[in-house]
Each structure stands twice: as C-alpha cells, then as structure tokens.
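Predicted model, so just to flag it, every value in this text is computed and none were measured. If you read the sequence from its start, that first residue is 1, and numbering goes on from there. Counting starts at 1 for both ligands and their atoms, in listed order.
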Amino acid sequence: MPQRFSVATNFVNVTVRGRARHYRTVSFDGPHNAVRLIEQRLLPHQFKIVATKNFRETADAIRLMVVRGAGAIGATAAYGLAQGARAFRGRDPEKFSRHVETVFRTIQSARPTAVDPVNAMNAVHAAMRTGGTVEEKQALGLAAAEEFANEDFRHCQEIGRHGAGLIRSGMRILTHCNAGWLAFVDVGSATAPLYAAQAAGKKFHVFCDETRPRSQGAMLTAWELAQQKIPHHVIADNAAGHLMQRGEIDLVLVGSDRVLGRTGEVANKIGTYAVAVLAARHGIPFYAAIPLSTIDWNLKSGLRIPIEERHEDEVLGAWGVASIFRSGLRTSNPATHLCVRVANPSSAARNPAFDVTPPELITGIITPTGIFKPRDLWRHRSELGRTEGGHGQ
Ligand code: MRU
C-alpha cells in the first residue's frame, strides 16, 4: 500500500489494515465539544482515535500520555482550554474568567516540563480577553486554538524546509524519543527535515534510540518511519556510543520540550544529554528542532526547568504485546497488551522523564525561521516571536 508523504500536502498518511488515510494527531470536534486524539499508548500495535468530552478528561489524556510530545500536548491544551470555556453556561464575564482560570491550571498541572501547553493556552487566553460577551470569548478561544494547531503545522513544515539541507544522501541519522508527527499536530520537528529530504529524493538511514523507559523511539518513531517508508533500525539506548565510535552515525536530530531563549539550554526526553555528550566526543553534529512555541523567554537557567518525575513502574517494568519474535521466542495471544515486571521485585526506581542539554553541546537549533546557534536565540528574539510579556511561564 503506498505511503507517500509530501511536505506540500496537508496531513500525514497512515495506513491501517491496508487503508491509507490522512489524520492529525490532535483535532477538535466542534459539535460535540470534544478533543480528538490518536491514542498513542496503543501504538504501534493498534490504531485508535479517542475523544475527550470535557477539560478534565483532556487534562487526564495529557497526564496519562494518551497524547504526548510537546507540540501535541500544546495543541491539546489549547483545545482543552477552549473546550472548557465553551462548556461554561452563563453570561457573567467574571464567573467565566474564574472558570477559565480553573481550566487553565488543571491542564497546566498535567505535565510540567514542556512549555508549549502554557504558551498555547496563553495565546487562547489572550484571544478570549478581546471578546466582549461570554459567547464572543468562547468563539474567539476556539478560533485561537485552531490557529495554534495550524501554526504548529506550518512551523513544522518550515523546520523541514530549513533542516533538509543538513541531510545528504547516504547519511546515517540518530534520533531520540519521538519528535515526529505524533508529537505534534502533524509533520513533526526532528522528523520534518527527514520527510522534506525524502520528498527531495534523498536516501538515508535512521537509527531510533529505543528511549527507555516508555520506549517512544521503538514504539512511535519506528512506526512513524515505517508508515513513511524511511529505512531505519531501532537500537538500544546503550548502543548509540558504540555506533558513533565505529563511524556509523553522521548526524543527530532531536526535538525539545523547552528551549531557554536566554541561555540556549535544551530540555528533552531523558537520555538526550547523554547522546549530546557522546556526539560532542565523536565530533558528530547535534541539532534540536523546535517550533516557536517551545521557546521559554523567561527562565534564566536550565536548573529552574521543572523536570517531571514519573511513576517508578515505568522503569521497573516494560509493556508491549505478546509476539512471535524472529529469534523463535513466542507467546500465546499476540493481540493482548502486557505489562511485565523486569526489575528485582523489592527494588525501587527513580524516573526523571527529561534532562537538560547545555548549549556548548548543541551545533544548532532548527526553527521555522532558520537555524541558530543556541546562544544566539536571544539576539534574534524578535524574529523568533518574543513579545513583551508574551510566551513563557
Ligand atoms: O514524554 P514525552 O513522550 O511527551 O516526551 C516527548 C519528547 O521528549 C520529545 O522529544 C519532545 O516532546 C520534543 S518533540 C515535541
């Protein structure tokens, strides 16, 4: 079944049970006031769209990682704020404003590290403030959420346009976690240059870090690349250094959950810092790709970025479906999702979900307006969309 992606066409093509269709990772169902999401916890084994019916369900979907990835949770938060605002019944602007504040705080607390949800909700909030009546504010909020989602898509396309030049035919590219179209509304950040280079006819190979503990590389990036027909291998996280030492990696491309505009520090999935150290040791270019909603112009130090600590079970165990492996390992029911305990039963675990990479380890930040040295972001802040009192917490 053909799986063509073109940067010029709108939505990513997913083939499920032999049928190719276009999807957005996140979208809004106006008549039902529901946020529609690809249920990412079931991928790559099952493709399912779910709908959250109110803002609390939307916040839960972010917290439980039904939807994940900074851009995707940004768009989900924007829609969730609009959804919560639209559910308000009454005409009193002050009561409406207090209700919206509760919705904002509920969604914001779902996951703390990515700045995109806060930036996205700030944009929706600002649009609502320009309305006179509650009804106007509700309509303006949804329009602003749709605009955030559309801008996320446009930004990813622009990242692809700028980043494709970094990729030459024959390259072997390492990526970490999932910064693909599943992590955004569409296209992806770290994957955008790959898809644009593919559309330009370049041939290259991708290594997906497995990305323990939740295995977004093995489960999501690998699935996405398979959908896009990009040759790839999944590798254990521990294998990256070995491949670099043997000259088998030419470029590293990752995404980010928060880039500090003042310092150039990059927060991303746990393990990114280790990959950056290895890349620097081996002289391999290391790039982070981001839409403008990922920039935090306020924080002055990476040490102040709130790092999410998730449940220890993610480290102590693993999950997937029962399968028949090529090695001959087999289990009985291939359709069942399984959780298995891996670690010693009496041991506890730590599970920081993100880390921070310092600017000296980063070759460049690929943005929708061009590629910048991390420490040059502040100098270019007006072209990168910083407004006084705007983006950031
Ligand atoms: O915990 P996750 O799966 O939400 O983490 C996602 C990542 O770390 C991505 O690399 C990051 O969001 C950048 S791409 C949007």
Anything under 3.5 Å between an N or O on ligand 1 and a protein N or O? List each pair with its distance, or write none.
| unit_1 | atom_1 | unit_2 | atom_2 | d |
| --- | --- | --- | --- | --- |
| ligand 1 | 1 (O) | Arg111 | NH1 | 3.4 |
| ligand 1 | 1 (O) | Arg111 | NH2 | 2.8 |
| ligand 1 | 1 (O) | Lys269 | NZ | 2.7 |
| ligand 1 | 3 (O) | Arg68 | NE | 2.8 |
| ligand 1 | 3 (O) | Arg68 | NH2 | 3.2 |
| ligand 1 | 3 (O) | Gln216 | NE2 | 2.8 |
| ligand 1 | 4 (O) | Gly69 | N | 2.9 |
| ligand 1 | 4 (O) | Arg111 | NH1 | 2.7 |
| ligand 1 | 8 (O) | Asp257 | OD1 | 3.1 |
| ligand 1 | 8 (O) | Asn268 | OD1 | 3.3 |
| ligand 1 | 8 (O) | Lys269 | N | 3.3 |
| ligand 1 | 10 (O) | Asn268 | OD1 | 2.8 |
| ligand 1 | 12 (O) | Ala70 | N | 2.9 |
| ligand 1 | 12 (O) | Asp257 | OD1 | 3.1 |
| ligand 1 | 12 (O) | Asp257 | OD2 | 3.1 |

Aromatic plane relationship, Phe28 with Tyr79 - under 30° parallel, 30 to 60° tilted, over 60° perpendicular: parallel
No-hydrogen, no-angle side-chain donor-acceptor test under 3.5 Å, Asn351 and Arg310: no
By salt bridge (Lys or Arg N to Asp or Glu O under 4.0 Å) - contacts of Arg56 (at least two apart): none
With sequence neighbours excluded, residues passing salt bridge (Lys or Arg N to Asp or Glu O under 4.0 Å) with Arg246: none
Whether Arg281 side chain and Leu278 backbone form a donor-acceptor pair below 3.5 Å: no
Residues forming a side chain to side chain contact (heavy atoms under 4.5 Å, CB included) with Arg341, sequence neighbours excluded: Leu316, Ala343
